[in-house]
Every structure is written in structure tokens, then in C-alpha cells.
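Please read the structure below before turning to the comments.
Counting starts at 1 for both ligands and their atoms, in listed order.
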Amino acid sequence: MIAFPVVLSAPSGAGKTTIYKRLMAERADVGYSVSCTTRAPRPGEVDGVDYHFLSPEEFSRRREAGEFAESAQVHDRAYGTLRSEVQKVLSAGRHVMMDIDVQGAAQFARAFPQSVLVFIIPPSIDVLVERLTRRGSEDRAALLVRLRSAQKELHEIGRYHYVVENDNLDRAVARVSAIIDAEMARRERAPALDEQVAGLIARLEQEITNYV
Ligand code: 5GP
């Protein structure tokens with residue numbers, strides 16, 4: 001089985017991170033890539049586990065050296081995915097779950113064209129606004145920024161292979177999980193399929209000669 005990246009994108013408040021965490025906990029065949037960021041660690045966050053926390057200078061140096069599969073400015077801070085992190089997970093035979101924003105997702109898909117792109121949508125804008133205000137951390141100005149970004153992000157939905165409505169968390173997690181299973185069964189992803197089928201056809205030929 002060939003492992004591939006699974007990119008989850010969504011407007012903030014659609015429940016992407018919760019879905020991502022649930023899949024990480026439920027499936028042994030998925031892993032995650034530790035992103036780089038120039039933002040400061042929040043309480044409890046560990047360098048090298050939650051993010052690689054880099055200075056802006058170090059971030060620029062690594063970007064110029066071509067180490068990132070994608071990078072983007074999100075809410076005024078730089079974020080990026082190291083190619084080496086993604087390769088590490090894929091080489092271990094695990095699908096890499098990518099929790100990246102919409103701008104980053106398009107660049108990432110160019111670097112890793114075998115990626116599956118999944119867009120999570122909220123069941124309604126009322127639910128989105130309700131989830132954002134329930135977090136309590138958003139003042140009116142910050143909320144406005146998020147609503148405007150949500151609008152921009154929805155315009156990009158045409159780049160995605162799948163859309164999952166997060167009307168119910170269990171159902172949304174099950175749907176993304178089913179997408180991974182279906183993608184694993186895609187003919188184009190099967191390694192050495194031609195040889196395998198040629199072997200089956202040759203064996204059938206022998207079997208047929210026994211009956212004629
Ligand atoms: P936070 O700072 O709250 O951890 O993340 C803020 C946003 O940055 C989230 O929307 C998250 O998806 C996005 N993000 C996290 N890591 C990356 C990354 O490596 N690349 C990109 N483009 N976005 C990222």
C-alpha cells in the first residue's frame with residue numbers, strides 16, 4: 001500500500017482541528033507532520049511536537065533553501081510544512097494528515113500531487129458564527145477577520161476532491177475516514193498492479209487449459 005497525504009481545509013469554526021485529532025486517535029495508519037511557525041508557543045505547547053517554533057530569520061533561511069513544500073502567512077504569522085517531515089511519515093507507510101490553511105493547500109498539492117484534498121464545510125453560517133463566538137476568544141474585529149477569510153476560503157472549494165459537511169462530529173469523522181479507505185483502493189495507487197494482474201491472468205490461463 002502506498003501512503004499519501006490527506007489535506008484537510010476549512011474555514012475556522014468548521015471543526016477541522018477536532019476532526020483531525022479524532023482521526024489521529026482512531027487510525028493507526030495516519031501520522032502528522034510537525035509544521036514550522038514564527039508565532040510564539042502557547043502555554044503547554046512543546047517545540048518539535050506541536051510546531052517547530054522558528055525565528056523569522058530562520059524561517060526565511062529555510063524557505064530560501066527550498067525546505068518547505070508550502071508556506072503561508074496566516075493571521076500575520078508565517079507557517080510552513082517541511083518536505084522532510086512529510087517524507088518521514090510517508091516512508092513509515094502512514095498517510096500524512098495535513099491541517100493547513102487554504103492558501104497552503106494549493107501549494108502543497110503541487111509539491112505532493114498524490115494528495116487527497118478534503119474541504120470541511122459547516123452545516124450553516126449560523127452554526128459557524130455560533131462556534132466562533134462560543135470560543136469566547138474572539139472580539140468583534142477578530143470575528144470579522146475570520147468571517148471574511150471564511151468567505152474567501154469558500155471560493156477555493158473547486159480545488160478540492162471531496163467536501164464533508166460537519167453537521168455531526170462522529171459522522172464527519174466517519175466520512176473522512178471512509179474517504180481515506182476509498183482512496184487506498186484506487187487503481188492508480190496500487191503498487192505493481194500490472195505485475196500482480198499479469199500473474200493472475202497467467203494462472204487463469206493454466207487453470208483454463210485444465211478444463212478445455
Ligand atoms: P494556530 O496558530 O492556531 O496553531 O494555527 C493557525 C492556522 O494556521 C490554522 O488554520 C492552521 O491550519 C494553519 N497552519 C498550521 N500549520 C500550517 C502549515 O504548516 N502551513 C499552513 N499553510 N498553514 C498552517
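- A salt bridge is defined here as a Lys NZ or Arg NE, NH1 or NH2 lying under 4.0 Å from an Asp or Glu carboxylate O, and E57 with R61 fails to meet this definition.
- By the criterion of a heavy-atom distance under 4.0 Å, both the backbone and the side chain of T81 are placed next to ligand 1.
- By the 4.0 Å heavy-atom criterion, R42 is counted among the residues contacting ligand 1.
- Geometrically, ligand 1 and C36 share no nitrogen or oxygen pair separated by less than 3.5 Å.
- Around atom 17 (C) of ligand 1, the closest heavy atom drawn from A72, S71, A78, S35 belongs to S35.
- For atom 11 (C) of ligand 1, the nearest protein heavy atom (residue, atom name, distance) is D99 O, 3.9 Å.
- Of the protein's non-hydrogen atoms, the one nearest atom 7 (C) of ligand 1 is V74 CG1, 3.7 Å.
- Note on K152 versus E156: no salt bridge recorded, every NZ/NE/NH1/NH2 to OD/OE distance being 4.0 Å or above.
- A salt bridge does not link R42 with D50: every distance from a Lys NZ or Arg NE/NH1/NH2 to an Asp or Glu carboxylate oxygen is 4.0 Å or more.
- Look at R22 and E26 and you find a salt bridge, because one of the NZ, NE, NH1 or NH2 atoms lies within 4.0 Å of a carboxylate O, short of that distance.
- Between F119 and Y160, the ring planes lie perpendicular to each other; the angle is over 60°, past the 30° to 60° tilted range.
- A salt bridge does not link R83 to E67: none of the charged side-chain nitrogens sits closer than 4.0 Å to a carboxylate oxygen.
- For ligand 1 and G104, the ligand atoms under 4.0 Å from any heavy atom of the residue are 22 (N).
- For atom 5 (O) of ligand 1, the nearest protein heavy atom (residue, atom name, distance) is Y51 OH, 3.4 Å.
- Relative to the six-membered ring of F53, R39 misses at least one condition, a distance below 6.0 Å or an angle of at most 45° to the axis.
- Within the 4.0 Å heavy-atom shell around ligand 1 one does not find F108.
- Between D170 and R175, none of the side-chain N atoms (NZ, or NE/NH1/NH2) sits under 4.0 Å from a carboxylate O, so this pair counts as no salt bridge.
- Considering each of E70, R39, K16, the one bringing a non-hydrogen atom nearest atom 18 (C) of ligand 1 is E70.
- Shortest contact from atom 2 (O) of ligand 1 to any protein heavy atom: Y79 OH, 2.4 Å.
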